[in-house]
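Quick notes on the structure that follows.
These numbers were taken from a predicted model, which means no experiment stands behind them. Below, chain A is the first sequence line, B the second, and so on; all start at residue 1.
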4 protein chains.
Amino acid sequence: MANPAAPGGARRPAGRAERSAARRADILAAALEEFAACGFAAARLDDVARRAGVAKGTIYLYFQDKQALFEELVRAMLVPHIAAVEALPAEGPVRPVVEAFLAHIVHDVLSTRLADVIRLVIAEGPRFPALAEFYYREVVSRALAVLDRLLARGVASGEIGNPALVHFPQLVVAPVLMGLIWGGMFQRFAPLDVAALMRAHLDILFASGRAA
Amino acid sequence: MANPAAPGGARRPAGRAERSAARRADILAAALEEFAACGFAAARLDDVARRAGVAKGTIYLYFQDKQALFEELVRAMLVPHIAAVEALPAEGPVRPVVEAFLAHIVHDVLSTRLADVIRLVIAEGPRFPALAEFYYREVVSRALAVLDRLLARGVASGEIGNPALVHFPQLVVAPVLMGLIWGGMFQRFAPLDVAALMRAHLDILFASGRAA
Amino acid sequence: MANPAAPGGARRPAGRAERSAARRADILAAALEEFAACGFAAARLDDVARRAGVAKGTIYLYFQDKQALFEELVRAMLVPHIAAVEALPAEGPVRPVVEAFLAHIVHDVLSTRLADVIRLVIAEGPRFPALAEFYYREVVSRALAVLDRLLARGVASGEIGNPALVHFPQLVVAPVLMGLIWGGMFQRFAPLDVAALMRAHLDILFASGRAA
Amino acid sequence: MANPAAPGGARRPAGRAERSAARRADILAAALEEFAACGFAAARLDDVARRAGVAKGTIYLYFQDKQALFEELVRAMLVPHIAAVEALPAEGPVRPVVEAFLAHIVHDVLSTRLADVIRLVIAEGPRFPALAEFYYREVVSRALAVLDRLLARGVASGEIGNPALVHFPQLVVAPVLMGLIWGGMFQRFAPLDVAALMRAHLDILFASGRAA
DNA sequence: CATGAATGAGAGTTCATTCAT
DNA sequence: CATGAATGAACTCTCATTCAT
């Protein structure tokens, strides 16, 4: 009677749907840890369940099977960032936008769990074509399209001196990929200053243009 | 003409040592296929054996276990290229050397089995720190050191206008990595012209400098 | 009649804990059969599972591995008898006590599954030092200690004429061991009347003493 | 030219047959070590071969298979002692003969490789009925028959006071078995003075009789 | 909804045995 | 005779998946 959102005597401050969503989130979070640490094939659902604080069977109430869990994990992690990818300003000087774009990736991707997710996609991509395609369609192609327009504008305005860059937005992103891979493999014993790397990268990209 | 075992005529019997080396090579080749296709954990030694045309137990005559097979495979594939990495000319104009360096990678790595091996190292690196370290020590760090000297020379001679590049040889290689990853994931449905990518990349790198 | 789970009527469902304990017992019983028949190394868990009526994997829900199954089997079989070993009367005439002791062993050990267990311990002891030590500590040394006190009393009271026996309680048990080994190896084609053997043994032990 | 027994340039001082016999002996010796250490099932012919200094296949030139090797090993080790078993004097006082008999076993069996062989027979007996039967027929029954006659003589002459012993020669041997088993299992952490045990045993056996 | 005991196909690994050299 | 590379059946152990409770 006190809690209108909890009919039937549920004391917990959450409704059934919320509890369910929370469980789902717990499982996804646990799965991320395990998949990131072991890879898809070597990760054990037993460990995912233990880490999520649920029984092994419960996972199957929320996900069809191991592969579905993996794919939904990747999707769930990527989706919130898909919008951000296209939120770049369409007007004004180009360099600050590219800078913001790269800074965004460095801060919100490379230094977060998202880096693990993308490394997973890269590592397992060949075994999960659907995932690779999803990643390309929803993230990569969109980001590259945005970049492409940006670069065209930069070339048109003279900010970017070298027209070679148009049609190869991958060149803008390549150092990010380098930072991502390096971080997963060599960071431990050969640290790489990604921020400085990005500054140098920007300097080169905009070197021969004139300031906007 | 006196020696019936003389090289030059491929004959069946061969020596014991040759047979043995051939078997080993067969197994490694089969392992490459399977590991590249399935990843380390999901690859089955049964399939490796079948593909190599040997019995399952035979693998264990040549390799301690699955992990050893994997590590030796990577090492065996990388080692022959280690020397090549440092064979860049130490004198003269810089751009042609960098061009040759990238062309070499594109031709001898990206379009060969070596690409699979490096993708494997990237994918499994976190689970095989020894391998990641080997790859860094024997390949990555050497190549970067060579590039570093090259870039310094280019900056000193004015060929490279932008000194930002020095100390970040990773920027030179980043597009190669991009091509490698792209090739493994998106090439099927979104082909990338790596050669053109490289030309654009070079144009940008040497854009603001004066010709040597 | 009110409690459907009440003991006294063997019914199927039972509680989870009971089911679990029963499964464990089934597996141990099956393991005893197989280990006794084949020895540790040659026994196959597949057969244990089949005999226990469970799947192969189920064994691993209850026991860490084959060796743990073996060791727990031996412990589980021996433990219930450890108390019995020290339950011999500490007063009165000695001969009846020794007689009872040997009769107990002949009836409760030699003619039961326990004989198989001890034969297993003897056969596998060298490969399972922990088991040999357990058996010595919990069974052998205790039984010998009890016997030792008993013999000392018998010598003190004159019931046992020969003081040589003190400090060698093994001599009292040796014929039991003989019966155990004989039973496992020769009984089939050269039967040995263990009861008569024991009577003769007792006659000799107490031959030169005077009745208590 | 110096060695007339080595025609054809063979430097080794042995003929073909001798070499062969030596090889056989080497294999048997190696097999004894391995079987004693690991038991029949767990012993590896690979280790036997390595220890014997021959190739794995060579074993099969001398023995049909693993089981034959094992059985011939046991037979070969026991046969030389079969004669000794019946070489006990048929006349004169009994006690010295029994003493000699037990002393012989303690010295020539318990403290030698023979102990390992008999422990093996005991451990593997149930799996090798033919071996158990051979051991019974050629060793056990003969020794017991000899002992039986000896005991009868002792009882007849009054040396042995207790006629219960006749028909149970096993009682004479039981402490030896105890020593054998104890040696294999507990000797390490609970040493048993077998010689003293035997003296006590003899004292008891002959306690109530009058000296011859 | 949630559980976790149970399943059983399938993985890596071993080793007795064979046979071309 | 001797070798040891090769075999492949058989083993132990794992783990995604199911289902009675």
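- Looking at which nucleotide of DNA chain F each of D/Thr58 and B/Leu61 is closest to, the 5′-most match is held by D/Thr58.
- The CZ atom of D/Arg24 sits 12 Å away from the P atom of F/dC1 (whole-angstrom rounding).
- B/Asp47 contributes atom CG, which lies 10.0 Å from atom NZ of B/Lys56 (distance to the nearest 0.5 angstrom).
- Checked against the 6.0 Å centroid threshold, C/Phe40 and C/Phe128 count as a close aromatic pair.
- Counting only heavy atoms from C-beta on, C/Val54 has its side chain closest to E/dT7 among E/dT17, E/dG12, E/dT7.
- A sub-4.0 Å separation between OP1 or OP2 of E/dA6 and a side-chain N or O of C/Arg23 is present.
- The distance between atom CG of B/Leu45 and atom C1' of E/dT14, rounded to the nearest whole Å, is 13 Å.
- Here the shortest heavy-atom pairing between B/Arg75 and B/Leu131 reads NH1-CD1, 3.6 Å.
- As a whole-Å value, the separation of D/Gln64 CD from E/dA16 P is 16 Å.
- At a threshold of 4.0 angstrom between heavy atoms, the contacts of B/Ala43 are confined to the sugar-phosphate backbone, with no base atom among them.
- Scanning atom types as modelled, one donor and one acceptor separated by under 3.5 angstrom connect the side chain of D/Lys56 and the base of E/dT17.
- In this structure, the nucleotide among E/dG12, F/dT12, E/dT17 sitting nearest to the side chain of C/Arg44 is F/dT12.
- Taking atom OH of residue D/Tyr60 and atom P of nucleotide E/dA20, one finds them 17 Å apart after rounding to whole Å.
- Phosphate contact (OP1/OP2 of F/dA2, side-chain N/O of D/Tyr62, threshold under 4.0 Å): present.
- Dashed line: the shortest gap from a side-chain N or O of B/Ser20 to OP1 or OP2 of F/dA5 is not under 4.0 Å.
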